[in-house]
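Taking it in order: structure first as structure tokens, then the write-up.
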Amino acid sequence: MPELPEVETYVRDLTPILHKRIVQGLTVLWPRIIAAPTVDQFMQGMIGQQFTDFGRRGKYMLLGLASGNTLIIHLRMTGHVTVYAQPVMPTKHTHVVFDLADGGQIHYQDSRKFGRLWFVATPTTILAKLGEEPLAAAFEPAYLVDKLARRNASIKALLLDQSVVAGVGNIYADESLFLAGIHPTRAGSSLASEEVAKLHAAIQRVLATAIEHHGSSLGDSGIQNYARPNGELGEFQGRHQVFQRTGEPCLHCGQAIQRIVLAQRSTHFCPACQQ
DNA sequence: ATAAGGCCCTGACCGC
DNA sequence: TGCGGTCAGGGCCTTA
């Protein structure tokens, strides 16, 4: 599933491909994919727009346009953006097609239809509730200590909460907790500040390393849920310590990795390394 | 304010 | 072979 490292890879890959290109027309095949404004307003707004700036906030892709507006894309579980040099027939999972002035096309595809697109004047309202960017300077250990204090939910659930840290999802929550040696069921408020500091460092290290390896490409119920815009897979899945390694030996101590369900999400951990 | 559960969706997979 | 039921999962919404 696309989390921060996968979305970051997407933005870096798309930047040189889409820079300065102009949207001439578009087709919306599944209207619910457009989160805001209305489908008509989205189409009117996007036509004639030129891509200029490319960014990311949490798991949101921010495609800045010459007019000052922004196209926001959230891939959720199975969203894909592909750029073609020539027009291509939409597939059953193609929900939005952007026709580019130079004859190319951008296809938004999404087998589960959970992804969403926005056309907005300013992205701030959409992004208002997000917590700090985990790789930014403002994400300090003290920030995380404050966010976790007085919270009785499990640390796993809190890491998935986008208002605590923006961009961490199921994969990187499990991997960060393993690296920090913290059991996923521990209540947020039960963590000592030294443990939070370890977790803080683990989150940054896991995310930075995953970006270097272009994210994790995994099957989710057999569906390939993430590939780069050019179809290449990420490489970080081969370096997972616990995620989707249920029953396999811990790479640190040899104990079998366990799977439990927390906050309605599969959670993987080493019972020996994470007491 | 926080926490927990439902909902949106589809394809793979299981059991019969 | 075909069918129905179950599962996964991000983020938003509702409920307690």
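When reading the values below, keep in mind they use all heavy atoms of this one structure, side chains included, and skip hydrogens, waters and symmetry mates. So that the names make sense, note that chain A is the first sequence line, chain B the second, and so on, each numbered from 1.
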query = What does A/Gln162 touch in the nucleic acid at a heavy-atom separation under 4.0 angstrom: a base, only the sugar-phosphate, or nothing?
reply = sugar-phosphate
request  = Rounded to the nearest angstrom, tell me the gap between atom CZ in A/Phe243 and atom P in C/dA8.
outcome  = 11 Å
inquiry  = One pair to check against salt bridge (Lys or Arg N to Asp or Glu O under 4.0 Å): A/Lys147 and A/Glu132. What are the steps and the verdict?
reply    = CA-CA 10 Å; A/Lys147 279 285 181 182; A/Glu132 286 295 346; over 6 Å; no
ask   = Considering the terminal five base pairs at each end of the helix from B/dT2-C/dA16 to B/dC16-C/dG2, what angle separates the two local helix axes, rounded to 10°?
value = 50°
query = Is A/Phe114 stacked on the base of C/dG10 when the test is centres under 5.5 angstrom and planes under 30 degrees?
reply = yes
ask   = What orientation do A/His213 and A/Phe236 show, parallel under 30°, tilted 30 to 60°, or perpendicular over 60°?
value = tilted
Please tabulate, one pair per line, each protein N/O and nucleotide N/O from nucleotides 12-16 of chain C that are separated by under 3.5 Å, including the distance.
residue : atom : partner : partner atom : Å
C/dC12  : OP1  : A/Tyr60 : OH           : 2.8

key: Parallel, tilted or perpendicular, as decided by the 30° and 60° cut-offs, for the rings of A/Tyr10 and A/Tyr226   = tilted
query = Atom CG of A/Asn170 to atom P of C/dG11: distance rounded to whole Å?
reply = 11 Å
request  = Compute whether any side-chain donor of one residue and acceptor of the other, for A/Asn69 and A/Ser67, lie under 3.5 angstrom apart.
outcome  = yes
message = Considering every strand and a 4.0 Å limit on heavy-atom distances, what is the contact class for A/Arg151: base, sugar-phosphate, or nothing?
response = sugar-phosphate
message = Mind checking if A/Asp110 touches a base, just sugar-phosphate, or nothing, with heavy atoms under 4.0 Å?
response = nothing
task = Quickly work out the A/Lys113 NZ to C/dA8 C1' distance and round it to whole Å.
result = 18 Å
inquiry  = Over all strands shown, is A/Arg32 touching base, sugar-phosphate only, or nothing at heavy-atom distances under 4.0 angstrom?
reply    = sugar-phosphate
inquiry  = Regarding A/Asp174 and A/His268, do their side chains bring together a donor and an acceptor under 3.5 Å, going by distance alone?
reply    = yes
request  = Check step by step if side-chain hydrogen bond (donor to acceptor under 3.5 Å, both in side chains) holds for A/Gln109 and A/His80.
outcome  = CA-CA 5 Å; A/Gln109 295 161 300; A/His80 292 267; over 6 Å; no
ask   = Given atom CZ of A/Arg265 and atom C1' of B/dC7, what is their separation to the nearest angstrom?
value = 11 Å
inquiry  = Please tell me whether A/His93 and A/Thr91 have a donor and an acceptor in their side chains that are separated by less than 3.5 angstrom.
reply    = no
request  = Provide, to the nearest angstrom, the distance between the CZ atom belonging to A/Arg112 and the P atom belonging to C/dA8.
outcome  = 11 Å
request  = May I have the distance from A/Tyr226 (atom OH) to C/dG10 (atom P), rounded to whole angstrom?
outcome  = 16 Å
request  = Find out whether A/Val88 and A/Gln105 are in side-chain contact, i.e. whether some heavy atom of one side chain is under 4.5 Å from a heavy atom of the other.
outcome  = yes
message = From CG of A/Leu262 over to C1' of C/dA8, roughly how many Å is that when rounded to an integer?
response = 15 Å
